[in-house]
Every structure is written in C-alpha cells, then in structure tokens.
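Quick one: structure below, then a few questions.
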Amino acid sequence: MTITEIFIPTSLDAKQVLRLRRFGLAALAYPLAFALVAIAWAFGVLPTPAALLASAAFVVVNMGLYLAIRSGFNLRFGDPSLTRFQILIAITLLMYIVYCMDDGRNIALFGGFIVFLFGIFRLNVREFTVVTLYALAAYALIINLLMHFRPAAIHNVHIDWMSWLMLAGSLPCFTFIGGHINALRRSLRDNAEKLRLFADNVPAMTTYWDEGLRCRFANRVFTEFWGHAAGELIGRRMSEIYGDAVYREVEGHALQALRGHAVTYQRIRPIAGGEPRYLEVRLVPQIGHDGKVPGFFAVTTDITDHKLAEDRIQRIAHHDSLTGLPNRLLFNDRLEQVIGHARRNARQVALLYLDLDRFKPVNDTLGHSAGDELLKSVAERIRRQIRESDTVARIGGDEFTVILPDIAGRGEAQSVARKIADALARPFQLGARKECVAIGTSVGVALYPSDASGADALVIAADTAMYAAKQAGRGVPAT
C-alpha cells in the first residue's frame, strides 16, 4: 500500500477522494509559509513565540481540515470543499503574523494574494466579495491594534494605511477575475454534465481510449454491460478490462484506429449461462491539428436482436417450415456450390431425386395433419441414411432431393438410394392412434459430370431417372 492510499483510501466516495486530493495540493503551499515564517524569525522581525504559535496553528488547522474531509464532516456544509473556510483561516493566520511583526509587514501582506489564488477556481463573485471584505476589515483592525497596543512597531502610520488602500484596490480584481473564471468553469462543468447525461442515455456503449489504450471515458451502458463501476475503469488498460483473450481479438482494430483509420467490425461475446451477444463496434480516431492521433472513440452496439431476427428471416427464406429441411432456393444454391467445387477439383457429385409413393391416400383418408407428420418422419429417416456433408432438401409437396458431394461413382450413389428406399419402405406409425401406414419412394440418380455439366441439367437428369424408375416399378434405377 502506497502513502497516497493510506491518506486517501480508495474506499472513500469518489467526490471525497477528489476533495482530499485538492486539499493535498493546497497544503503543499504551507511548507512555503513555514519557510517564510522561519526567515522572518531569523531576521528578527517576528518574535519566537509568534513564529512557534503560527507554525503550530498551520499544523493544527491542516490536520483538522484533513480529518473533517476524511470523516465526511465537511458534507454538513454548503461548500464541502471548505475552500472559503480555508481562505478565511489563512487570512486570519496571516494577519496574526503581520500584527506580531516589527518590520516588513508590506512584504508579508503579499501572502494574501497567494491565499486568494486558492479560491480562483472555486469561489463565485459573492464569495470572493465576502473574503475580500474580511481581509480588508482584518488588516484595518490590525493597523488600529498596532496604533493602540504596539505603537513602536509602526514607523509611519501613513505607509500602513497606504498599504491598506493598495489592498483595497487590488483584491477586488480577484473578485472580478476569480468570479469570471469560476463562471466559465461552472459553464464547462454544466456542459460536461450535459454531455455525460447524453452519453449515459445513448443506447450504445461509448468509450474513449488514449494512445496507450487506457480507458479515459466510459458511459453507463458500457459499465453496466461489463459489470464495473465507472471509477474502476478510468485509467485501466484495455487488456485489463476485456481480458487477454478478447484483447487479442480486438487489438489489431484498436491499433488501426490509432493510425488514424476508422474501423467497423463485429464480434460475438459469450455470456455464461445465456445466449451469446452479437456486438458491432465502430472506432473513430481523434485526429489533432498536427495530424497525430491521441486516442479514439469506440461506439459498441448490441445487435443481438437484429442478428437473431436476420437469422430467422434467412432460415424462413431458405428452409421448409414443416420439415426444417433446405427448400428449393437453398437447394439450388448448395448444388451450384458443390458442382463448382467438383469442377475445380475434378470430383464427382451425385443427385438423388425422390418422389413418395402412395402419399396422397394418406392425406385423403387420415387428414392433412397425418400427412404433415408423415413428411416430417420421412425427412428424419432420410437424414439418418446420409453423411453429414450431404444435403437433403424438400423441393415440393412430396418431392425430396439429396446432394452427395465427392461421390466415388454411380454404384455408391445407387447404394445410398437403396438405403433410403429401404428406410422409407418400413411402415410409419402416425397420430395418437398410431395408424400403420406403408408408403414407398421412387428414386432417380444422376451424376456430375457424366450425366450433366451444370446444376439445372443435373436436376433434369435426376428427375428423368426418377420417372423412369417409377414407371418401371423398380423404386430405384437399375445398376
């Protein structure tokens, strides 16, 4: 654990952590104050008791402020940063030192300008006016106290009052400048909050990554998707947030964006115990005026619903709704692909064309539901007789096709046709009453390239062979 983590624990609220860091920066000015007190004491213009008391007050005040913020006591005040309180205390201590000094008070008063700088980004015009009036009133009181209780310390009262007039003319400048800066700061903060509100309500994961691939911004959708709080992500590397496996997958895209190229890609994110999510990621480089790329924005959209809907549409368009088999459209596409592959590699393709026998009587006697059940059972029996690389399709009412790629020859194709015919010759049990139904099938066999040189011609050849087998009553063409 580092010293910073000891004094500013990460368990604190993010705003309290920020206030402690700001307090730490302000407290760095106190060593300078100690040094000035020591110099004043060394030159004999500040008595030892006053120097010790001022130094002790510095320590006590800072410890009290630190404990107030660390414990959350500061949250009871309208200004949790305690900036105005710190400035008033600092002015009080400064005026005490001025009162105790025998000489060099004008030089010490310049410390007031340093104190006012602490409020330049925090105080508005009204608050600056309050501390300015307090400082002027406090110095006027010091001059009067010196005149009555330590007249020997005043060498020329007119010079002291002239110093007061200089303060009265200079400090209001801080009121104007500081108020203006603070108004600009608040305007920027309001705009930043509006942008944050907008980014958090955009239905997409939005992040910004610097040139070291560290996260510098993440909206609410991103943090919720990855299960992190925003404070946990800022400053962390992409590899830490995504994990090594995902980082290796997306690193190349990120590097492309850092080279100034807009990138769009899709990836799948597995979800434990759930469906995987489909993500579309757009990377937009930030290109500076000098042409360099200090980082890039990433907009990630969850397109899972769109992807699933697209898959459903594709399935409906390319598959038979009853049997789930490829329909004529997908069959034609598969056949073209298989023949193209066979043409390039000098291989053979067999096409089986099946037409069921005695299917119409089943529909007429048992009804369409029994006919649908029969077609589904036929599709399942055909699937069991073929390889995984083969394709079975339903291209008509009771017509099926089987594509056999990389077939050894006609004999192997006819052997598969006989297996299918035998499987379909066995009786089917249909309906709740398990009606026994026997049908058959006629199968036509055609080979590429011996029977046809293209897909359409191969279908015609197989269809012709099927009709020949049906008319001959063989079911399957003769060898």
Work out which heavy atom in L75 is nearest to a heavy atom in P80; give both atom names and the distance.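 Looking at all heavy atoms of both residues, the closest pair is CD2-CB, 4.1 Å.
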Any luck finding a side-chain donor-acceptor pair between N332 and E336 under 3.5 Å?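 Checked: N332/E336 side chains show no N/O donor-acceptor pair below 3.5 Å.
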Could you check if a side-chain atom of I143 sits within less than 4.5 angstrom of a side-chain atom of W164, using non-hydrogen atoms only?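 In contact.
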When you compare the side chain of L283 with that of Y265, does any pair of heavy atoms fall below 4.5 Å?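 The answer is yes, as the side chains (C-beta and beyond) meet within the 4.5 Å cut-off.
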What I want to check is whether the side chains of H341 and N345 have a donor and an acceptor closer together than 3.5 Å.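 Distance-only check passes for H341 and N345.
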Looking at residues at least two apart in the chain, or sitting in another chain, which of them share a side-chain hydrogen bond (donor to acceptor under 3.5 Å, both in side chains) with T207?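 If we apply the side-chain hydrogen bond (donor to acceptor under 3.5 Å, both in side chains) test to T207, skipping adjacent residues, the hits are W209.
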Test your reading of the model: is there a side-chain donor-acceptor pair from D456 to the backbone of V459, 3.5 Å cut-off?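 No, because the side chain of D456 does not come within donor-acceptor range (under 3.5 Å) of the backbone of V459.
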Check salt bridge (charged side-chain N to carboxylate O under 4.0 Å, His left out) between E211 and all other residues, then give those that pass, not counting sequence neighbours.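 Per chain and number, E211 pairs via salt bridge (charged side-chain N to carboxylate O under 4.0 Å, His left out) with no residue.
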Considering residues at least two apart in sequence or located in another chain, which fulfil the side-chain hydrogen bond (donor to acceptor under 3.5 Å, both in side chains) criterion with D210?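 Residues passing side-chain hydrogen bond (donor to acceptor under 3.5 Å, both in side chains) with D210: R216.
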Nearest heavy-atom neighbours spanning F296 and P285: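 Nearest heavy atoms, F296 then P285: CB-CA, 3.7 Å.
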Keeping to residues at least two apart or across chains, list the side chain to side chain donor-acceptor pair (under 3.5 Å) pairs with something in residues 281-297.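 The answer is Y208-Q286, E280-R282.
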Flag side-chain contact, heavy atom, 4.5 Å: V37 against I97: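 Of all side-chain heavy-atom pairs linking I97 with V37, at least one is under 4.5 Å.
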Which atom names give the shortest non-hydrogen contact between C215 and L233, and what distance separates them?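 Looks like CB-O, 3.5 Å.
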With sequence neighbours excluded, residues passing ring-ring contact (aromatic ring centres under 6.0 Å, His included) with Y247: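 Here no residue qualifies.
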Check whether any side-chain heavy atom of L146 sits under 4.5 Å from a side-chain heavy atom of Y99, and report yes or no.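 Yes, close enough: below the 4.5 Å cut-off.
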Any side chain to side chain donor-acceptor pair (under 3.5 Å) pairs touching residues 46-57, not counting sequence neighbours?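 For residues 46-57, and leaving out neighbouring residues, the side chain to side chain donor-acceptor pair (under 3.5 Å) pairs sorted by first residue read W41-T48.
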Would you please name every residue forming a ring-ring contact (aromatic ring centres under 6.0 Å, His included) with H319, sequence neighbours left out?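 Expected list: none.
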How far apart are the C-alpha atoms of I407 and V349, what are their side-chain angles, what is the distance that settles it, and do they pass the side-chain contact (heavy atoms from CB on, under 4.5 Å) test? CA-CA 6 Å; I407 202 76; V349 176; 5.8 Å; no
If you look only at pairs with a residue in residues 51-77, which of them pass as a ring-ring contact (aromatic ring centres under 6.0 Å, His included), with sequence neighbours excluded?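 Those involving residues 51-77 are Y30-F58, F34-F58, F73-F77.
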Determine whether a donor-acceptor pair (N or O, by modelled atom type, separation under 3.5 Å) exists between the side chain of R237 and the backbone of G212.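 Yes; at least one donor-acceptor contact below 3.5 Å.
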Residues in salt bridge (charged side-chain N to carboxylate O under 4.0 Å, His left out) with R150, at least two apart?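 With sequence neighbours excluded, R150 shows a salt bridge (charged side-chain N to carboxylate O under 4.0 Å, His left out) to D102, given in chain and number order.
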Is the NE2 atom of H306 crowded by more than 12 outside heavy atoms at less than 6.0 Å?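 Result for NE2/H306: open.
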Find out whether T391 and L404 are in side-chain contact, i.e. whether some heavy atom of one side chain is under 4.5 Å from a heavy atom of the other.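 No - every pair of side-chain heavy atoms lies 4.5 Å or more apart.
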I'd like to know whether R19 forms a side-chain hydrogen bond (donor to acceptor under 3.5 Å, both in side chains) with Q16, so could you lay out the CA-CA distance, the side-chain angles of the two residues, the decisive distance to 0.1 Å, and finally the verdict. CA-CA 5 Å; R19 292 180 185 120; Q16 287 291 80; 2.7 Å; yes
About how many Å separate CD1 of I316 and CG of N327, when rounded to the nearest 0.5 Å?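 N327 CG to I316 CD1: 11.0 Å, rounded to 0.5 Å.
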What are the two closest heavy atoms between S389 and P405, and how far apart are they?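 Closest pair (atom of S389, atom of P405, distance): O-CG, 3.7 Å.
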Note: E373-K376 ion pair, threshold 4.0 Å (strictly below):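 No, this pair does not count.
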NZ/NE/NH1/NH2 to OD/OE distance under 4.0 Å, R394 and E399: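 Answer for the salt bridge query: no.
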Quick one: salt bridge (charged side-chain N to carboxylate O under 4.0 Å, His left out) partners of R347, sequence neighbours excluded?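 For R347, no residue satisfies salt bridge (charged side-chain N to carboxylate O under 4.0 Å, His left out) once neighbours in sequence are set aside.
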salt_bridge(R84, D79) N-O dist < 4.0 Å: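 So R84 does not pair with D79 through a salt bridge.
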Using a 3.5 Å cut-off and no angle test, enumerate the donor-acceptor pairs between side-chain atoms of residues 88-95 and protein atoms at least two apart in sequence or in another chain.
residue	atom	partner	partner atom	Å
T92	OG1	L88	O	2.8
T92	OG1	Y134	OH	2.6

Just wondering, more than 12 heavy atoms not from D372 lying within 6.0 Å of its CG?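 Yes, CG of D372 has more than 12 neighbouring heavy atoms, counting only those of other groups under 6.0 Å.
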Between L375 and L322, which heavy-atom pair has the shortest distance, and what is it?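 For L375 and L322, the tightest heavy-atom pair comes out as CD1-CD2, 3.8 Å.
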Report the distance from atom CG of D302 to atom NZ of K307, rounding to the nearest 0.5 Å.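 Answer for the CG-NZ pair, D302 versus K307, is 12.5 Å.
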By salt bridge (charged side-chain N to carboxylate O under 4.0 Å, His left out) - contacts of E251 (at least two apart):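 For E251, no residue satisfies salt bridge (charged side-chain N to carboxylate O under 4.0 Å, His left out) once neighbours in sequence are set aside.
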Distance-only side-chain donor-acceptor flag, R334 / Q337, under 3.5 Å: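 No.
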Rounded to the nearest 0.5 Å, how far apart are CZ of R269 and CZ of R267?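 The distance works out to 7.5 Å.
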If we count only N and O atoms by modelled type, under 3.5 Å, do the side chains of D160 and S163 hold a donor and an acceptor together?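 Their side chains do not contain a donor-acceptor pair, so the 3.5 Å distance test is not met.
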